[in-house]
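Just so you know, ligand 1 is whichever comes first in the structure, and atom 1 is the first atom listed for that ligand. Just so it is clear, the values below take in all heavy atoms, side chains as well, and ignore hydrogens, waters and symmetry mates.
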Amino acid sequence: MEPAKDMRTFLKHLEDMGEINFFDGVDLHLEVGVLTELMGEKEGPALLFDAFDGYPKGYRIITNAFRTCKRTALVMGLPIDSRGVNFLQAWRERYRTFKPLPVTQVEGGPVFENQINESEIDLRKFPTPTWHEHDGGPYLGTGCCVITKDPESGKINVGTYRIMIQEKNRASIKMNLGKHGRLALENSHARGKPLPVAVSLGQEPALFISSQMPVPPDVDEYEFAGWLQGSPVPVARGALTGLPIPANGEVVLEGEIPPLKPEELPKEGPFGEWPGYFTEATVGEVPLMVVKRIYHRNNPIILGAPPMKPPNSYLPAPLGAAALWEQLEKAGVPDVKGVWGFVYGGQPGPFTVISIRQRYAGHSKQALLVAAGARAGAWGGKFVVVVDDDIDISNPFDVIWAIATRCHVREGIDLVKGVWASVCEPAIPPEERYPTGYTTDRVLIDACRPYRWLDQFPKVNAFPQAFKQEVATKWGVKV
Ligand SMILES: Cc1cc2nc3c(=O)[nH]c(=O)nc-3n(C[C@H](O)[C@H](O)[C@H](O)COP(=O)(O)O)c2cc1C
Ligand SMILES: [Mn+2]
């Protein structure tokens with residue numbers, strides 16, 4: 001199968017693979033969210049919702065599009081049957097071949113089939129779920145791409161930030177501090193100018209993967225997506241903003257984020273987030289986009305990617321763990337055999353596990369210290385565990401078994417205070433939620449067999465895989 005160059009081709013692929021279910025008439029208030037959660041928990045098919053009450057038939061929402069390794073492997077150009085740590089390893093190998101593939105500039109394109117001008121804009125004309133029970137409103141942007149240009153560097157950025165409808169023509173875009181879109185915004189507002197912004201709500205799958213991935217600041221997400229899908233992303237110049245917009249997109253909003261005072265900014269949230277909790281609403285903090293024009297294809301398909309309680313997720317594997325794996329190696333930690341996260345967003349998250357083949361005294365502690373401080377591990381980290389390489393780190397039972405049986409508590413557990421934290425971290429006490437940013441502590445758990453007496457450590461009471469296979473074959477037992 002050729003990589004899909006737009007959402008519709010991807011839909012066709014999903015149909016051919018038997019990996020999509022269709023629903024008509026589901027309620028946008030919670031029901032879309034419930035079905036997405038239910039089928040996501042089972043690592044089930046993608047879901048395509050159509051015929052919403054009060055909306056034209058054909059205005060669709062797709063969710064769980066990338067829920068399984070198989071579907072995501074298709075988009076990321078990985079072996080279709082790779083799973084678990086092998087999926088991350090395959091991704092690492094592919095990433096090493098990354099070469100930016102510049103966009104093709106085009107005039108027009110499918111996204112221009114319809115145009116809605118300023119006076120007619122009503123964002124609620126697009127089906128927009130209230131995804132979770134306690135969400136503060138309908139979120140139009142979850143699987144979206146927010147396109148901005150930094151006025152200082154001139155660099156284009158594409159990032160996924162949640163978008164809540166506020167008014168007919170206004171939507172909050174929650175660009176967190178430090179994110180590339182946010183930096184462009186700050187640079188623009190510092191000059192007293194509004195930031196031109198374009199938002200794509202459904203697009204080629206590779207562009208979404210690229211948009212949500214923490215690629216380095218010098219990498220253009222469009223060029224990354226082009227490389228991923230093996231062909232340049234066609235972009236057209238947005239007439240109002242001058243920004244490159246995906247010509248094969250489903251819906252694109254054009255507008256700007258004006259420099260407003262905190263008292264002019266509305267309430268945003270709460271929103272059910274990826275650690276599995278609702279984040280509190282804030283008032284006067286989240287940037288507000290004024291939408292001035294909308295382009296959309298006939299019968300548009302909006303990509304929904306609501307965060308859910310782990311292990312449910314919009315992705316099948318913690319891609320951020322692959323980045324941490326890379327950084328551990330670059331920092332000189334030898335023989336890292338795998339990195340995994342059990343509670344993850346774009347980063348490996350607050351429960352990270354590393355497997356190593358121990359080579360010297362202190363090797364395991366070195367892996368823990370680097371992981372706790374490396375860029376890809378530090379943000380939103382909490383528990384970092386290191387285990388021997390006989391442990392399947394994507395299997396929580398195996399990891400718990402290793403901690404329970406191999407960790408020598410007095411020597412194997414350390415606490416590091418005051419490390420970079422995610423705004424989504426639920427356990428930061430209210431009085432420590434400083435406006436200048438949050439920090440939290442790390443627990444480093446060495447669950448490797450203690451190196452000093454490795455040879456004497458009790459042997460594992462389980463047969464080697466090869467021997468099991470041999471006996472099973474002899475006795476005709478299927479394994
Ligand atoms: C469904 C989804 C929702 C996200 N929501 C936000 C958000 O509201 N704010 C944010 O800063 N990052 C959010 N992210 C994470 C960013 O997309 C991610 O950090 C990305 O690398 C940001 O791009 P940038 O590095 O170019 O800023 C979300 C990711 C996904 C997949
Ligand atoms: Mn970026």
Name of whichever N/O/S atom of His180 is nearest to the Mn ion (ligand 2) = ND1
message = Can you confirm whether more than 12 heavy atoms, excluding those of Lys267, are under 6.0 Å from its NZ atom?
response = no
message = With respect to Arg162, determine whether any N or O atom, backbone or side chain, lies less than 3.5 Å from an N or O atom of ligand 1.
response = yes
remark   = protein heavy-atom neighbour closest to atom 18 (C) of ligand 1 works out as Gln212 O, 3.5 Å
key: ligand 1 N/O within reach of Tyr314 N/O, cut-off under 3.5 Å   = no
query = If we only count heavy atoms from C-beta on, is the Val399 to Asp392 side-chain gap below 4.5 Å?
reply = no
task = Using only N, O or S atoms, tell me which atom of Glu221 is closest to the Mn ion (ligand 2).
result = OE2
task = Check each of Ser172, Ser211, Gly159, Gly346 against atom 20 (C) of ligand 1 and report the one with the nearest heavy atom.
result = Ser211
message = Considering both backbone and side-chain atoms of Glu273, is one of its nitrogen or oxygen atoms within less than 3.5 Å of a nitrogen or oxygen in ligand 1?
response = no
key: Sub-3.5 Å N/O-N/O distance, Met213 and ligand 1   = yes
inquiry  = If you take the nearest heavy atom of each of Thr148, Thr160, Leu303, which one is closest to atom 30 (C) of ligand 1?
reply    = Thr160
query = Are Arg433 and Tyr438 in a cation-pi setup, meaning NZ or CZ lies under 6.0 angstrom from the ring centre and within 45 degrees of the ring axis?
reply = yes
inquiry  = Using every non-hydrogen atom in the two residues, find where Glu268 and Ser172 come nearest and quote the distance to one decimal.
reply    = CG-CB, 3.7 Å
query = Are Asp441 and Lys382 within salt-bridge range, i.e. N to O under 4.0 Å?
reply = no
inquiry  = Centroid separation under 6.0 Å, is that true for the rings of Tyr344 and Phe351?
reply    = no
ask   = What do you reckon, are the aromatic ring centroids of Tyr95 and Trp91 less than 6.0 Å apart?
value = yes
request  = Give the contacting part of Asn176 toward ligand 1: side chain, backbone, both or neither, where contact means a heavy-atom distance below 4.0 Å.
outcome  = both
note = In this structure, atom 9 (N) of ligand 1 is nearest to the protein heavy atom Lys174 O, 2.6 Å
